[in-house]
Amino acid sequence: MSLPILARSRRTRATPFTARVQANGVKAYTVYNHMLLATAFASVQEDYDHLCQHVQVWDVSCERQVELRGPDAARLMQWMTPRDLSRAVVGQCVYAPIVDERGRMLNDPVVLKLAEDRFWVSIADSDILLWANGLAVGAGMDVAVDEPEVYPVAVQGPKAETLMARVFGEVVREIRFFRFKWLEFRGHPFLVARSGWSKQGGFEIYVDSHELALPLWDALWEAGADLQVGPGCPNLLERIESGLLSYGSDMTRENNPLECGLERFCKLDGPDFIGKAALAKIKQEGIARIVRGLKVAGADLPDCVEAWPLTVDGTYAGGLHTLVWSPRFDSYIGVAMMERAFWDLGQNVTVNVPGGEARTAVVCAVPFEV
Ligand code: THG
(Lines give C-alpha, C1' and ligand atoms only; values in the text may rest on other atoms or scores of the structure.)
Protein backbone atom coordinates (compact mmCIF):
# COMPACT_ATOMS: atom_id res chain seq x y z
CA MET A 1 0.00 0.00 0.00
CA SER A 2 1.46 3.31 -1.05
CA LEU A 3 -0.09 6.70 -0.50
CA PRO A 4 -0.29 9.00 -3.52
CA ILE A 5 1.03 12.20 -1.97
CA LEU A 6 3.83 13.04 0.36
CA ALA A 7 3.41 16.59 1.60
CA ARG A 8 6.76 18.31 1.76
CA SER A 9 7.82 20.70 4.48
CA ARG A 10 11.01 21.70 6.19
CA ARG A 11 10.61 18.68 8.49
CA THR A 12 10.85 16.26 5.59
CA ARG A 13 14.21 17.31 4.34
CA ALA A 14 15.24 17.35 0.70
CA THR A 15 18.85 16.58 -0.24
CA PRO A 16 21.32 18.37 -2.50
CA PHE A 17 20.41 15.76 -5.14
CA THR A 18 16.60 15.83 -4.91
CA ALA A 19 16.21 17.81 -8.16
CA ARG A 20 18.27 15.16 -10.00
CA VAL A 21 16.34 12.29 -8.40
CA GLN A 22 13.10 13.94 -9.55
CA ALA A 23 14.53 14.41 -13.06
CA ASN A 24 15.45 10.71 -13.04
CA GLY A 25 11.76 9.90 -12.69
CA VAL A 26 11.52 8.69 -9.08
CA LYS A 27 8.26 6.76 -8.62
CA ALA A 28 8.05 6.72 -4.82
CA TYR A 29 9.73 8.08 -1.74
CA THR A 30 9.91 6.97 1.83
CA VAL A 31 11.04 9.15 4.74
CA TYR A 32 14.22 8.07 6.53
CA ASN A 33 15.88 10.11 9.25
CA HIS A 34 13.39 12.88 8.43
CA MET A 35 14.72 13.00 4.87
CA LEU A 36 13.54 11.89 1.44
CA LEU A 37 14.71 8.47 0.24
CA ALA A 38 13.64 7.10 -3.15
CA THR A 39 12.23 3.56 -3.17
CA ALA A 40 11.71 2.94 -6.89
CA PHE A 41 12.44 4.39 -10.32
CA ALA A 42 11.23 2.08 -13.14
CA SER A 43 9.93 -0.58 -10.72
CA VAL A 44 11.52 -2.61 -7.94
CA GLN A 45 11.99 -5.54 -10.35
CA GLU A 46 13.41 -3.47 -13.23
CA ASP A 47 15.65 -1.48 -10.86
CA TYR A 48 16.90 -4.82 -9.47
CA ASP A 49 17.72 -6.21 -12.92
CA HIS A 50 19.63 -3.05 -13.79
CA LEU A 51 21.48 -2.98 -10.45
CA CYS A 52 22.65 -6.59 -10.88
CA GLN A 53 23.97 -5.93 -14.41
CA HIS A 54 25.22 -2.38 -14.58
CA VAL A 55 25.85 0.48 -12.14
CA GLN A 56 23.52 2.83 -10.29
CA VAL A 57 23.94 6.14 -8.50
CA TRP A 58 21.88 6.32 -5.30
CA ASP A 59 21.02 9.41 -3.28
CA VAL A 60 21.37 7.99 0.21
CA SER A 61 21.78 11.36 1.90
CA CYS A 62 19.33 10.06 4.52
CA GLU A 63 22.16 7.92 5.91
CA ARG A 64 22.87 10.86 8.23
CA GLN A 65 26.19 11.17 9.96
CA VAL A 66 26.32 11.68 13.70
CA GLU A 67 29.77 13.08 14.36
CA LEU A 68 31.51 12.44 17.66
CA ARG A 69 34.53 14.63 18.07
CA GLY A 70 36.82 15.31 21.01
CA PRO A 71 38.88 13.65 23.74
CA ASP A 72 35.99 11.35 24.79
CA ALA A 73 34.74 10.48 21.27
CA ALA A 74 36.20 6.96 21.27
CA ARG A 75 34.94 6.29 24.80
CA LEU A 76 31.40 7.40 23.89
CA MET A 77 31.44 5.37 20.65
CA GLN A 78 32.47 2.18 22.44
CA TRP A 79 29.98 2.91 25.25
CA MET A 80 27.14 2.76 22.68
CA THR A 81 27.92 -0.56 21.00
CA PRO A 82 28.57 -4.23 21.83
CA ARG A 83 30.92 -4.36 18.83
CA ASP A 84 34.54 -4.42 20.01
CA LEU A 85 36.10 -1.30 18.50
CA SER A 86 39.44 -1.63 20.27
CA ARG A 87 41.22 -2.80 17.14
CA ALA A 88 39.42 -0.51 14.65
CA VAL A 89 41.87 1.65 12.72
CA VAL A 90 41.56 5.08 11.13
CA GLY A 91 40.22 4.51 7.62
CA GLN A 92 37.97 1.65 8.66
CA CYS A 93 34.18 1.25 8.55
CA VAL A 94 32.61 -0.97 11.21
CA TYR A 95 29.04 -2.28 11.24
CA ALA A 96 28.06 -1.70 14.87
CA PRO A 97 24.68 -2.37 16.51
CA ILE A 98 23.73 0.34 19.02
CA VAL A 99 21.81 -0.93 22.05
CA ASP A 100 20.15 0.62 25.09
CA GLU A 101 20.53 -0.34 28.75
CA ARG A 102 18.19 -3.31 28.25
CA GLY A 103 20.39 -4.53 25.40
CA ARG A 104 17.79 -3.64 22.79
CA MET A 105 18.45 -2.30 19.32
CA LEU A 106 18.43 1.47 18.87
CA ASN A 107 20.14 1.48 15.49
CA ASP A 108 22.58 -0.49 13.32
CA PRO A 109 24.93 2.07 11.78
CA VAL A 110 28.18 1.86 9.90
CA VAL A 111 30.78 3.59 12.09
CA LEU A 112 33.63 5.37 10.31
CA LYS A 113 36.79 6.01 12.25
CA LEU A 114 38.08 9.31 10.85
CA ALA A 115 40.70 9.88 13.55
CA GLU A 116 41.45 8.57 17.02
CA ASP A 117 39.16 11.31 18.37
CA ARG A 118 36.63 11.60 15.53
CA PHE A 119 33.90 9.25 14.30
CA TRP A 120 31.02 9.40 11.87
CA VAL A 121 28.11 7.20 12.88
CA SER A 122 26.29 6.56 9.60
CA ILE A 123 22.88 5.85 11.03
CA ALA A 124 19.81 3.86 10.12
CA ASP A 125 16.39 5.38 10.77
CA SER A 126 16.35 6.55 14.40
CA ASP A 127 17.52 9.69 16.21
CA ILE A 128 20.89 8.61 17.52
CA LEU A 129 22.05 12.24 17.74
CA LEU A 130 19.72 12.68 20.72
CA TRP A 131 20.80 9.45 22.43
CA ALA A 132 24.50 10.16 21.91
CA ASN A 133 24.29 13.75 23.09
CA GLY A 134 22.18 12.76 26.09
CA LEU A 135 24.75 10.16 27.09
CA ALA A 136 27.59 12.64 26.66
CA VAL A 137 25.84 15.30 28.75
CA GLY A 138 24.77 12.82 31.42
CA ALA A 139 28.23 11.33 31.74
CA GLY A 140 30.00 14.70 31.58
CA MET A 141 32.04 13.60 28.58
CA ASP A 142 34.27 15.97 26.66
CA VAL A 143 32.87 15.32 23.19
CA ALA A 144 30.96 17.34 20.57
CA VAL A 145 27.96 15.53 19.06
CA ASP A 146 26.72 17.02 15.78
CA GLU A 147 25.08 16.25 12.47
CA PRO A 148 27.54 17.60 9.90
CA GLU A 149 26.55 18.55 6.35
CA VAL A 150 27.41 15.21 4.77
CA TYR A 151 25.30 13.61 2.06
CA PRO A 152 26.30 10.07 1.08
CA VAL A 153 25.93 8.92 -2.52
CA ALA A 154 26.18 5.21 -3.22
CA VAL A 155 27.56 3.86 -6.49
CA GLN A 156 26.45 0.24 -6.64
CA GLY A 157 26.58 -2.61 -9.13
CA PRO A 158 29.13 -4.76 -10.97
CA LYS A 159 30.43 -1.79 -12.99
CA ALA A 160 30.77 0.50 -9.95
CA GLU A 161 34.55 0.12 -9.73
CA THR A 162 35.03 1.01 -13.40
CA LEU A 163 32.88 4.10 -13.03
CA MET A 164 34.49 5.23 -9.79
CA ALA A 165 37.99 4.77 -11.28
CA ARG A 166 37.04 7.12 -14.12
CA VAL A 167 35.95 9.85 -11.70
CA PHE A 168 38.38 9.39 -8.78
CA GLY A 169 41.29 7.59 -10.46
CA GLU A 170 42.63 4.03 -10.46
CA VAL A 171 43.38 4.31 -6.73
CA VAL A 172 39.74 3.42 -5.95
CA ARG A 173 40.57 -0.16 -6.92
CA GLU A 174 42.91 -0.35 -3.91
CA ILE A 175 40.15 0.41 -1.39
CA ARG A 176 39.31 -2.81 0.46
CA PHE A 177 35.82 -3.75 1.66
CA PHE A 178 34.70 -1.50 4.53
CA ARG A 179 37.78 0.71 4.23
CA PHE A 180 37.91 4.28 2.99
CA LYS A 181 40.30 6.77 1.45
CA TRP A 182 40.08 10.53 0.94
CA LEU A 183 40.10 11.07 -2.84
CA GLU A 184 40.04 14.33 -4.73
CA PHE A 185 37.44 15.51 -7.17
CA ARG A 186 38.10 19.02 -8.51
CA GLY A 187 40.56 19.68 -5.72
CA HIS A 188 38.24 18.71 -2.85
CA PRO A 189 38.94 15.55 -0.82
CA PHE A 190 35.91 13.24 -0.53
CA LEU A 191 35.66 10.26 1.76
CA VAL A 192 35.20 7.23 -0.52
CA ALA A 193 34.41 3.87 1.10
CA ARG A 194 33.91 0.44 -0.41
CA SER A 195 30.52 -0.22 1.11
CA GLY A 196 26.82 0.15 0.38
CA TRP A 197 23.48 -1.39 1.04
CA SER A 198 23.56 -4.06 -1.68
CA LYS A 199 25.62 -7.17 -2.31
CA GLN A 200 26.35 -6.18 -5.90
CA GLY A 201 29.56 -4.40 -4.93
CA GLY A 202 30.31 -0.72 -4.93
CA PHE A 203 31.25 2.43 -3.09
CA GLU A 204 29.83 5.22 -1.01
CA ILE A 205 30.97 8.83 -1.42
CA TYR A 206 30.39 11.03 1.63
CA VAL A 207 29.66 14.35 -0.05
CA ASP A 208 30.55 17.21 2.30
CA SER A 209 30.65 20.02 -0.24
CA HIS A 210 27.44 21.78 -1.29
CA GLU A 211 29.28 23.46 -4.13
CA LEU A 212 30.58 20.23 -5.63
CA ALA A 213 27.56 18.02 -4.87
CA LEU A 214 25.87 18.41 -8.25
CA PRO A 215 29.09 18.64 -10.29
CA LEU A 216 30.16 15.32 -8.73
CA TRP A 217 26.74 13.77 -9.31
CA ASP A 218 26.77 14.91 -12.95
CA ALA A 219 30.35 13.72 -13.45
CA LEU A 220 29.33 10.21 -12.37
CA TRP A 221 26.52 10.21 -14.92
CA GLU A 222 28.68 11.57 -17.74
CA ALA A 223 31.50 9.12 -17.05
CA GLY A 224 29.04 6.23 -16.88
CA ALA A 225 27.05 6.80 -20.06
CA ASP A 226 28.63 3.86 -21.90
CA LEU A 227 28.31 1.71 -18.76
CA GLN A 228 24.54 2.28 -18.79
CA VAL A 229 24.65 4.10 -15.48
CA GLY A 230 21.14 4.49 -14.15
CA PRO A 231 19.16 5.81 -11.22
CA GLY A 232 18.61 3.56 -8.24
CA CYS A 233 18.00 3.32 -4.53
CA PRO A 234 18.20 0.66 -1.84
CA ASN A 235 16.30 -2.13 -3.57
CA LEU A 236 13.77 -4.16 -1.59
CA LEU A 237 14.21 -7.32 -3.67
CA GLU A 238 18.01 -7.24 -3.76
CA ARG A 239 18.36 -6.53 -0.05
CA ILE A 240 15.97 -9.30 0.96
CA GLU A 241 17.68 -11.85 -1.29
CA SER A 242 21.02 -10.67 0.16
CA GLY A 243 19.82 -10.76 3.77
CA LEU A 244 20.42 -7.09 4.60
CA LEU A 245 18.16 -6.19 7.52
CA SER A 246 16.40 -2.84 7.81
CA TYR A 247 16.05 -1.25 11.24
CA GLY A 248 12.44 -0.29 11.88
CA SER A 249 11.13 -2.98 9.52
CA ASP A 250 12.83 -6.30 10.24
CA MET A 251 13.92 -5.36 13.74
CA THR A 252 12.89 -2.63 16.14
CA ARG A 253 13.56 -1.33 19.64
CA GLU A 254 11.71 -4.45 20.85
CA ASN A 255 14.53 -6.71 19.67
CA ASN A 256 18.01 -7.40 20.94
CA PRO A 257 20.92 -7.99 18.53
CA LEU A 258 21.08 -11.71 19.32
CA GLU A 259 17.51 -12.10 18.09
CA CYS A 260 18.44 -10.11 14.99
CA GLY A 261 21.16 -12.58 14.01
CA LEU A 262 23.83 -10.00 14.84
CA GLU A 263 25.62 -12.01 17.52
CA ARG A 264 28.85 -12.02 15.53
CA PHE A 265 28.95 -8.23 15.98
CA CYS A 266 28.56 -8.44 19.78
CA LYS A 267 31.51 -9.06 22.10
CA LEU A 268 30.11 -9.78 25.52
CA ASP A 269 33.48 -10.35 27.22
CA GLY A 270 35.17 -7.32 25.67
CA PRO A 271 35.08 -3.57 26.38
CA ASP A 272 32.25 -2.21 28.53
CA PHE A 273 29.14 -0.85 26.85
CA ILE A 274 25.63 0.18 27.85
CA GLY A 275 23.47 -2.94 28.11
CA LYS A 276 26.39 -5.34 28.54
CA ALA A 277 24.94 -6.99 31.65
CA ALA A 278 21.48 -7.19 30.07
CA LEU A 279 22.83 -8.79 26.89
CA ALA A 280 24.96 -11.24 28.86
CA LYS A 281 21.83 -12.29 30.78
CA ILE A 282 19.84 -12.70 27.56
CA LYS A 283 22.64 -14.79 26.07
CA GLN A 284 22.81 -16.96 29.17
CA GLU A 285 19.05 -17.50 29.35
CA GLY A 286 18.76 -18.01 25.61
CA ILE A 287 16.82 -15.89 23.16
CA ALA A 288 13.09 -16.32 22.64
CA ARG A 289 12.96 -15.53 18.91
CA ILE A 290 15.25 -15.03 15.92
CA VAL A 291 15.24 -13.47 12.47
CA ARG A 292 14.55 -15.97 9.71
CA GLY A 293 13.72 -16.01 6.04
CA LEU A 294 10.31 -17.16 4.89
CA LYS A 295 9.18 -18.49 1.51
CA VAL A 296 5.48 -17.87 1.06
CA ALA A 297 3.43 -19.93 -1.39
CA GLY A 298 1.28 -18.49 -4.14
CA ALA A 299 0.99 -15.15 -5.91
CA ASP A 300 -0.87 -11.84 -5.67
CA LEU A 301 -0.20 -10.84 -2.09
CA PRO A 302 -0.64 -7.24 -0.95
CA ASP A 303 2.42 -5.27 0.21
CA CYS A 304 3.47 -6.22 3.74
CA VAL A 305 3.60 -2.86 5.51
CA GLU A 306 2.82 -4.03 9.03
CA ALA A 307 3.54 -7.19 11.03
CA TRP A 308 1.55 -10.14 9.69
CA PRO A 309 0.96 -12.82 12.34
CA LEU A 310 2.34 -16.28 11.66
CA THR A 311 0.69 -19.27 13.29
CA VAL A 312 1.13 -23.03 13.62
CA ASP A 313 -2.09 -24.86 14.45
CA GLY A 314 -3.49 -21.59 15.76
CA THR A 315 -0.54 -20.82 18.04
CA TYR A 316 1.40 -17.59 17.49
CA ALA A 317 4.68 -18.54 15.81
CA GLY A 318 6.12 -15.18 14.80
CA GLY A 319 5.65 -12.05 12.73
CA LEU A 320 6.32 -11.46 9.04
CA HIS A 321 7.79 -7.98 8.60
CA THR A 322 8.92 -7.70 4.98
CA LEU A 323 7.78 -9.45 1.82
CA VAL A 324 8.74 -9.27 -1.84
CA TRP A 325 8.17 -11.35 -4.97
CA SER A 326 11.44 -12.90 -6.13
CA PRO A 327 11.60 -14.15 -9.74
CA ARG A 328 14.92 -15.84 -8.90
CA PHE A 329 13.25 -18.02 -6.27
CA ASP A 330 9.94 -18.05 -8.16
CA SER A 331 8.29 -17.31 -4.82
CA TYR A 332 7.47 -14.59 -2.36
CA ILE A 333 10.35 -14.26 0.09
CA GLY A 334 10.28 -12.36 3.34
CA VAL A 335 11.93 -11.63 6.65
CA ALA A 336 10.21 -12.82 9.83
CA MET A 337 10.89 -12.85 13.56
CA MET A 338 10.21 -16.48 14.55
CA GLU A 339 9.44 -17.67 18.07
CA ARG A 340 11.80 -20.31 19.44
CA ALA A 341 9.44 -23.29 19.12
CA PHE A 342 8.95 -22.59 15.42
CA TRP A 343 12.28 -21.24 14.22
CA ASP A 344 13.78 -24.48 12.83
CA LEU A 345 14.61 -24.36 9.12
CA GLY A 346 11.93 -26.23 7.19
CA GLN A 347 9.16 -25.45 9.71
CA ASN A 348 5.82 -24.92 7.98
CA VAL A 349 3.74 -21.96 9.15
CA THR A 350 0.52 -20.20 8.23
CA VAL A 351 0.73 -16.59 7.10
CA ASN A 352 -2.36 -14.68 8.23
CA VAL A 353 -2.72 -12.01 5.56
CA PRO A 354 -4.75 -8.97 6.64
CA GLY A 355 -8.26 -9.37 5.27
CA GLY A 356 -8.60 -12.98 6.34
CA GLU A 357 -6.65 -14.92 3.74
CA ALA A 358 -4.23 -17.62 4.93
CA ARG A 359 -1.12 -18.81 3.05
CA THR A 360 1.40 -21.50 3.78
CA ALA A 361 5.07 -20.69 4.17
CA VAL A 362 8.32 -22.39 5.10
CA VAL A 363 11.05 -21.09 7.40
CA CYS A 364 14.49 -20.75 5.84
CA ALA A 365 17.87 -19.12 6.41
CA VAL A 366 18.77 -15.51 5.69
CA PRO A 367 20.56 -14.74 3.43
CA PHE A 368 18.42 -16.92 1.16
CA GLU A 369 20.26 -19.80 -0.49
CA VAL A 370 19.46 -20.80 -4.05
N1 THG B 1 25.84 2.65 4.40
C2 THG B 1 26.04 3.72 5.19
N3 THG B 1 25.20 4.02 6.19
C4 THG B 1 24.11 3.25 6.40
C5 THG B 1 23.86 2.11 5.62
C6 THG B 1 24.75 1.82 4.57
N7 THG B 1 23.26 3.57 7.41
C8 THG B 1 21.97 2.93 7.46
C9 THG B 1 22.04 1.46 7.13
N10 THG B 1 22.78 1.30 5.87
C11 THG B 1 22.75 0.72 8.23
N12 THG B 1 22.62 -0.72 8.14
C13 THG B 1 23.55 -1.52 7.50
C14 THG B 1 23.33 -2.89 7.44
C15 THG B 1 24.24 -3.72 6.81
C16 THG B 1 25.36 -3.18 6.22
C17 THG B 1 25.56 -1.83 6.25
C18 THG B 1 24.67 -1.00 6.91
C19 THG B 1 26.38 -4.03 5.55
N20 THG B 1 26.60 -5.24 6.01
C21 THG B 1 27.57 -6.10 5.39
C22 THG B 1 27.02 -7.51 5.36
O23 THG B 1 26.05 -7.79 6.02
O24 THG B 1 27.59 -8.30 4.60
C25 THG B 1 28.93 -6.07 6.07
C26 THG B 1 28.91 -6.26 7.53
C27 THG B 1 30.30 -6.53 8.06
O28 THG B 1 30.83 -7.60 7.75
O29 THG B 1 30.87 -5.71 8.79
O30 THG B 1 27.01 -3.60 4.60
O31 THG B 1 24.60 0.86 3.79
N32 THG B 1 27.09 4.49 4.97
Side-chain angles (χ1 to χ4, degrees), residues 15 30-39 51 56-67 80-85 87-89 91-99 105-114 119-129 132 147-148 150-157 160 175-181 190-208 232-236 238-252 255 257 260-267 291 293 322 335 365-369:
T15 86
T30 187
V31 177
Y32 193 98
N33 284 323
H34 318 282
M35 193 172 258
L36 293 173
L37 171 62
T39 61
L51 169 62
Q56 296 182 342
V57 178
W58 299 359
D59 175 9
V60 284
S61 298
C62 65
E63 294 169 356
R64 306 308 301 150
Q65 308 306 299
V66 176
E67 180 172 279
M80 292 196 292
T81 178
R83 185 92 193 243
D84 181 0
L85 301 175
R87 276 197 290 269
V89 297
Q92 191 175 349
C93 310
V94 185
Y95 180 54
I98 292 183
V99 302
M105 295 290 294
L106 293 179
N107 205 290
D108 70 328
V110 176
V111 174
L112 293 89
K113 185 166 178 175
L114 303 186
F119 296 81
W120 279 351
V121 187
S122 187
I123 58 172
D125 187 21
S126 74
D127 295 309
I128 291 306
L129 179 83
E147 185 187 287
V150 178
Y151 301 91
V153 169
V155 180
Q156 300 286 297
I175 302 174
R176 288 187 285 145
F177 183 65
F178 264 47
R179 295 290 169 132
F180 64 81
K181 289 185 191 293
F190 287 92
L191 191 161
V192 176
R194 193 184 288 267
S195 58
W197 216 54
S198 84
K199 291 276 171 97
Q200 304 311 309
F203 298 83
E204 290 179 298
I205 311 163
Y206 290 70
V207 179
D208 61 353
C233 50
N235 184 278
L236 179 65
E238 199 279 339
R239 75 106 173 153
I240 298 295
E241 286 189 354
S242 298
L244 290 167
L245 301 183
S246 179
Y247 183 75
S249 291
D250 307 313
M251 53 186 168
T252 70
N255 305 119
C260 301
L262 302 177
E263 187 165 349
R264 66 190 185 285
F265 302 115
C266 300
K267 187 143 177 66
V291 162
T322 308
V335 179
V366 271
F368 287 84
E369 283 145 20

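Keep in mind it's a predicted model, so treat the numbers as computed, not measured. Remember, it's 1-based here, ligands and their atoms both numbered in the order they're listed.
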Enquirer: Please list the nearest protein heavy atom to atom 6 (C) of ligand 1 with its residue and the distance rounded to 0.1 Å.
Expert: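 Nearest protein contact, heavy atoms only, for atom 6 (C) of ligand 1 is Glu63 OE2, 3.3 Å.
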Enquirer: Applying side chain to side chain contact (heavy atoms under 4.5 Å, CB included) to Leu262 and Tyr95, what does each step give before you reach the verdict?
Expert: CA-CA 10 Å; Leu262 302 177; Tyr95 180 54; 3.9 Å; yes
Enquirer: On a heavy-atom basis, which atom in Ala193 and which in Cys93 lie closest, and how many Å separate them?
Expert: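 Of all heavy-atom pairs spanning Ala193 and Cys93, the closest is CB-SG, 3.9 Å.
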Enquirer: Side chain, backbone, both or neither: which applies to Val94 and ligand 1 if a contact is any heavy-atom pair less than 4.0 Å apart?
Expert: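 It is neither; nothing of Val94 touches ligand 1.
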Enquirer: To the nearest 0.1 Å, how far is atom 18 (C) of ligand 1 from its closest protein heavy atom, and which atom is that?
Expert: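 Of every protein heavy atom, Val110 CG2, 3.5 Å lies nearest to atom 18 (C) of ligand 1.
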Enquirer: Which is closest to atom 21 (C) of ligand 1 in terms of heavy atoms, Tyr247, Tyr206, Phe177, Phe265?
Expert: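 Ranked by closest heavy atom to atom 21 (C) of ligand 1, first place is Phe177.
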Enquirer: Under 4.0 Å from any heavy atom of Glu204, which atoms of ligand 1 are there?
Expert: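 Once the distances to Glu204 are compared, the set is 1 (N), 2 (C), 6 (C), 31 (O), 32 (N).
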Enquirer: Among protein heavy atoms, which lies nearest atom 3 (N) of ligand 1, and at what distance?
Expert: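 Going atom by atom, the protein heavy atom closest to atom 3 (N) of ligand 1 ends up being Ser122 OG, 2.7 Å.
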Enquirer: I need the nearest protein heavy-atom contact for atom 11 (C) of ligand 1: residue, atom name and distance, please.
Expert: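 Its nearest protein heavy-atom neighbour is Asp108 O, 3.1 Å.
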Enquirer: Looking at CE of Met105 and CG of Leu245, how far apart are the two atoms once the value is rounded to the nearest 0.5 Å?
Expert: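 If we round to the nearest 0.5 Å, Met105:CE and Leu245:CG are 8.5 Å apart.
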Enquirer: Look at atom 10 (N) of ligand 1 and say which protein heavy atom is nearest, naming residue and atom and giving the distance to 0.1 Å.
Expert: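 Residue, atom and distance for the closest contact: Trp197 CD1, 3.6 Å.
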Enquirer: Looking only at heavy atoms, which two atoms of Ser195 and Glu204 are closest? And how far apart?
Expert: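 Shortest heavy-atom separation between Ser195 and Glu204 comes out as OG-OE1, 2.6 Å.
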Enquirer: Distance check, rounded to the nearest 0.5 Å: Phe368 atom CZ versus Ser242 atom OG?
Expert: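 Answer rounded to 0.5 Å: 10.5 Å.
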Enquirer: If the cut-off is 4.0 Å to any non-hydrogen atom of Ile123, which atoms of ligand 1 fall inside it?
Expert: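 Counting from 1, the qualifying ligand atoms are 7 (N), 8 (C).
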Enquirer: Before giving the answer on side chain to side chain contact (heavy atoms under 4.5 Å, CB included), spell out for Trp58 and Leu51 the whole-Å C-alpha distance, their side-chain angles and the decisive distance to 0.1 Å.
Expert: CA-CA 11 Å; Trp58 299 359; Leu51 169 62; 4.0 Å; yes
Enquirer: Give the residue, atom name and distance (to 0.1 Å) of the protein heavy atom nearest atom 30 (O) of ligand 1.
Expert: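 Ranked first by proximity to atom 30 (O) of ligand 1 is Phe178 CZ, 3.5 Å.
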Enquirer: Under 4.0 Å, heavy atoms only, figure out whether ligand 1 is touched by the backbone of Tyr32, its side chain, both or neither.
Expert: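 Side chain only.
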Enquirer: Is the side chain of Thr322 donor-acceptor paired with the backbone N or O of Val335 at a distance under 3.5 Å, no angle test?
Expert: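 Answer holds: no.
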Enquirer: Output the distance between atom CZ (Phe265) and atom CZ (Arg83), rounded to the nearest 0.5 Å.
Expert: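 Between Phe265 CZ and Arg83 CZ, I get 5.5 Å after rounding to 0.5 Å.
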Enquirer: Specify the protein heavy atom at minimum distance from atom 20 (N) of ligand 1: its residue, its atom name, and the distance to 0.1 Å.
Expert: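 Sorting protein heavy atoms by distance from atom 20 (N) of ligand 1 puts Leu244 CD2, 3.9 Å first.
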Enquirer: Between Val99, Ile98, Asp108, which is the residue that forms a side chain to side chain contact (heavy atoms under 4.5 Å, CB included) with Pro257?
Expert: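 Result: among Val99, Ile98, Asp108, Val99 is the only option passing the side chain to side chain contact (heavy atoms under 4.5 Å, CB included) with Pro257.
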Enquirer: Nearest protein heavy atom to atom 29 (O) of ligand 1, by residue and atom, and its distance?
Expert: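 Here the closest protein heavy atom is Tyr95 CB, 3.6 Å.
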Enquirer: Can you list the ligand 1 atoms lying under 4.0 Å from a non-hydrogen atom of Lys199?
Expert: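 Heavy-atom distances to Lys199 below 4.0 Å select 22 (C), 23 (O), 24 (O).
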